[in-house]
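Below is one structure, written out as structure tokens, with a few remarks after it.
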Amino acid sequence: MHKIDQFSGSKTLTANAKWIAASFLIALHIFLVSPSPAMDTSATLKNAVHNRFLIGAAVMSHTLDIPEEAALLSRQFNCLTSENDLKPQHIHPEPDKFNFAPGDRLVAFAREHNMKMTGHCLLWHQALPQWMFEDAAKKPLPREKALENLRLHIKTVLGHFRGSPIIGWDVVNEALSDKKEEYLRSTPALRAIGDDYLAEAFAAARDADPNMALYYNDYNIEQPVKRAKAIRLIRSLKEKGLRVDAIGIQGHWSLRGPNLKDLEDSIKEFAAEGVKVMITELDVDVLPSSRQTADVSYSEGKQSKNDPYTAGCPDDVLNKQAKQYSEIFQVFMRHTDAITRVTFWNLTDRSSWLNFFPVKGRTNYPLLFDRQCQPKPAFFSVIRVLSTPNNPGAAGTK
Ligand code: XIL
């Protein structure tokens, strides 16, 4: 008996030792290969960002027809922007014709999923119906007629969406000139109304819905020359007694830019003017381009040699992009008192406008989610930055 006990005891001991060793190896394996919290595929941007700033994506109403994309939108983001559906040409194609249905669909989606929405945009020199500021021969309309058209447009659109999840509007988009010596870009509105068309647009928006937040939105305004023009614009609107609630830095960047010091300086300088800062159209282009601009009238023509990743984006490029996003978000996290929203321009690499700009028909990879809606290295690097608890900006809540 004793012997047997001894025997079975030692047998049990051996079994226990084996079990312990096996458990240890399994635990070690799980520890080594399972994702760290920052690689957690169940992580979401909106949970990670908490209430530091809103996190959004720009979509078209027909994005909602793709179930995976619609699910990704409501799961990851707490804010959406209309990519095209609310632009003047789309929503107000003729003087007495408004097309509200696509915008209403986005509004209904935002409401259903408890998301905020931002309106893009009341006035832009692109996607602008000719009738608003020009006659059939493309001559500027008389100032009073052009003003009447502008006011009617703004009043009707803001009136339609009053009480909706739309919390703010880009009142004017891209009014500043890219030419060093020129302040305002020559646009149909400027040619018909004059330099004060911006003030008129902000006044009309305030009058149409006094509770609506009003934004000025542009690209490359983190760069010193255009930033100075944006500050001049904020001051001139304020001098006229008008309200500008936030400046939208579009954020169409690439593996080569922005200059992080320029970005940080611009956030500080805009905040010092008493306006909030929003990053409104964020993406990180990975394809070659001879110029960094988001001017949609710019084109590089179709050059196949500039489309290197049609079969897939190499890992080293995806990792460079992840690093770029990480550095950009680290800047945002240092300024959570000033920044109230960060919005990506589109949802997945499949839907990105950069597949068509500045060269049509390329295969680009600028966003956090790939063509199958799966998170990319850039997603995990952003989650990691947003989840860093000891970040100086992390205490800021709004
Ligand atoms: C782009 C859209 O993404 C495209 O679908 C459309 O064909 C052209 O406009 N800056 C802006 C946005 O403010 O409105 C632009 O959106 C991208 C550059």
Side-chain angles (χ1 to χ4, degrees), residues 56-66 69 73 79-93 99 102-103 106 117-129 157 166 168-178 184-185 187-189 198 201 214-223 226 229-230 233 246-254 257-258 277-285 287 289 291-300 302 341-367 369:
V59 294
M60 291 192 247
S61 58
H62 62 71
T63 307
L64 307 180
D65 295 331
I66 308 164
E69 298 224 355
L73 179 62
C79 183
L80 70 87
T81 298
S82 47
E83 179 184 3
N84 287 315
D85 296 316
L86 303 184
K87 288 173 179 171
Q89 169 87 65
H90 299 258
I91 205 165
H92 197 175
N99 181 19
L106 291 174
M117 181 167 163
T118 58
H120 175 81
C121 47
L122 292 171
L123 184 53
W124 187 29
H125 62 282
Q126 299 284 338
L128 181 70
V157 172
I166 298 184
W169 277 88
D170 294 333
V171 178
V172 184
N173 192 34
E174 302 183 354
L176 297 172
S177 175
D178 290 319
L184 296 176
R185 181 197 294 272
T187 63
L198 285 118
L214 307 178
Y215 317 138
Y216 174 74
N217 195 52
D218 212 330
Y219 60 85
N220 290 356
I221 52 172
E222 69 282 2
Q223 297 172 15
K226 220 165 160 185
K229 296 178 193 180
L233 177 62
I247 286 291
I249 300 173
Q250 288 188 359
H252 291 294
W253 293 319
S254 71
V277 178
M278 296 176 163
I279 312 301
T280 53
E281 306 189 11
L282 181 57
D283 45 25
V284 173
D285 193 333
L287 294 183
S289 176
R291 244 171 61 189
Q292 187 164 335
T293 178
D295 187 341
V296 301
S297 63
Y298 173 69
S299 161
E300 293 192 1
K302 183 147 179 60
R341 174 169 62 97
V342 175
T343 292
F344 293 84
W345 204 246
N346 304 126
L347 201 52
T348 69
D349 289 343
R350 192 196 64 78
S351 58
S352 168
W353 76 300
L354 293 178
N355 293 308
F356 301 94
F357 173 86
V359 181
K360 279 205 175 73
R362 295 198 297 180
T363 307
N364 211 331
Y365 302 83
L367 294 164
F369 301 96

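This chain uses plain numbering: 1 for the first residue, then up along the sequence. Note that this is a predicted model, so its numbers are computed, not measured. Whatever order the structure lists ligands and atoms in, that order sets their numbers, starting from 1.
Protein non-hydrogen atoms do reach within 4.0 Å of atom 5 (O) of ligand 1.
By the 3.5 Å distance cut-off applied to N or O atoms, Trp353 is not counted among the residues near ligand 1. Polar contact check, Asn346 against ligand 1: no nitrogen or oxygen pair lies under 3.5 Å apart. Considering backbone and side-chain N/O of Asn217, none are found under 3.5 Å from N/O of ligand 1.
Put simply, the side chain of His90 never gets that close to the backbone of Asn99: no donor and acceptor are under 3.5 Å apart. With hydrogens and angles disregarded, no donor-acceptor distance shorter than 3.5 Å links the side chain of Asp285 to the backbone of Pro366. Side-chain atoms of Asp85 come within 3.5 Å of backbone N or O of Ser61 as a donor-acceptor pair. Not a single donor-acceptor pair under 3.5 Å links the side chain of Asp283 to the backbone N or O of Leu367.
Nearest to atom 2 (C) of ligand 1 among the protein's heavy atoms is Glu83 OE2, 3.3 Å. In terms of protein heavy-atom proximity, atom 11 (C) of ligand 1 is closest to Glu281 OE1, 3.0 Å.
Contact atoms of ligand 1 toward His120: 11 (C), 12 (C), 13 (O), 14 (O) (distance under 4.0 Å to a heavy atom of the residue). For ligand 1, the atoms closer than 4.0 angstrom to any heavy atom of His252 are 18 (C). Distances below 4.0 Å separate heavy atoms of Trp124 from the following atoms of ligand 1: 9 (O), 14 (O), 15 (C). Annotation for ligand 1: atoms under 4.0 Å from non-hydrogen atoms of Asn173 are 11 (C), 13 (O). For ligand 1, the atoms sitting less than 4.0 Å from at least one non-hydrogen atom of Ala294 are 18 (C), numbered in the order shown with element in parentheses.
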- Item | Audit row: Glu83, Val59, side chain to side chain contact (heavy atoms under 4.5 Å, CB included) steps and yes/no | CA-CA 5 Å; Glu83 179 184 3; Val59 294; 5.8 Å; no

- Trace of the side chain to side chain donor-acceptor pair (under 3.5 Å) decision for Glu281 with Trp353: CA-CA 11 Å; Glu281 306 189 11; Trp353 76 300; over 6 Å; no

- Task: Any chance you could lay out the side chain to side chain donor-acceptor pair (under 3.5 Å) test for Asn217 and Thr280, step after step, and finish with the verdict?
- Result: CA-CA 8 Å; Asn217 195 52; Thr280 53; 2.7 Å; yes

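At a heavy-atom cutoff of 4.0 Å, ligand 1 is contacted by no atom of Phe356, backbone or side chain. Contact annotation for Asn84 and ligand 1: only side-chain heavy atoms (C-beta onward) come within less than 4.0 Å of the ligand.
If you take CD1 on Ile249 and CD1 on Ile279, they are separated by 4.0 Å, rounding to the nearest 0.5 Å.
Within the set Met60, Gln250, Lys87, the minimum heavy-atom distance to atom 16 (O) of ligand 1 is found for Lys87.
Ring planes of His120 and Trp124: tilted class, angle from 30 to 60°.
Ion pairing between a basic and an acidic side chain is recognised when a charged N comes within 4.0 Å of a carboxylate O; Asp218 and Arg185 show no such pairing.
The closest approach between any non-hydrogen atom of Gln126 and ligand 1 is not below 4.0 Å.
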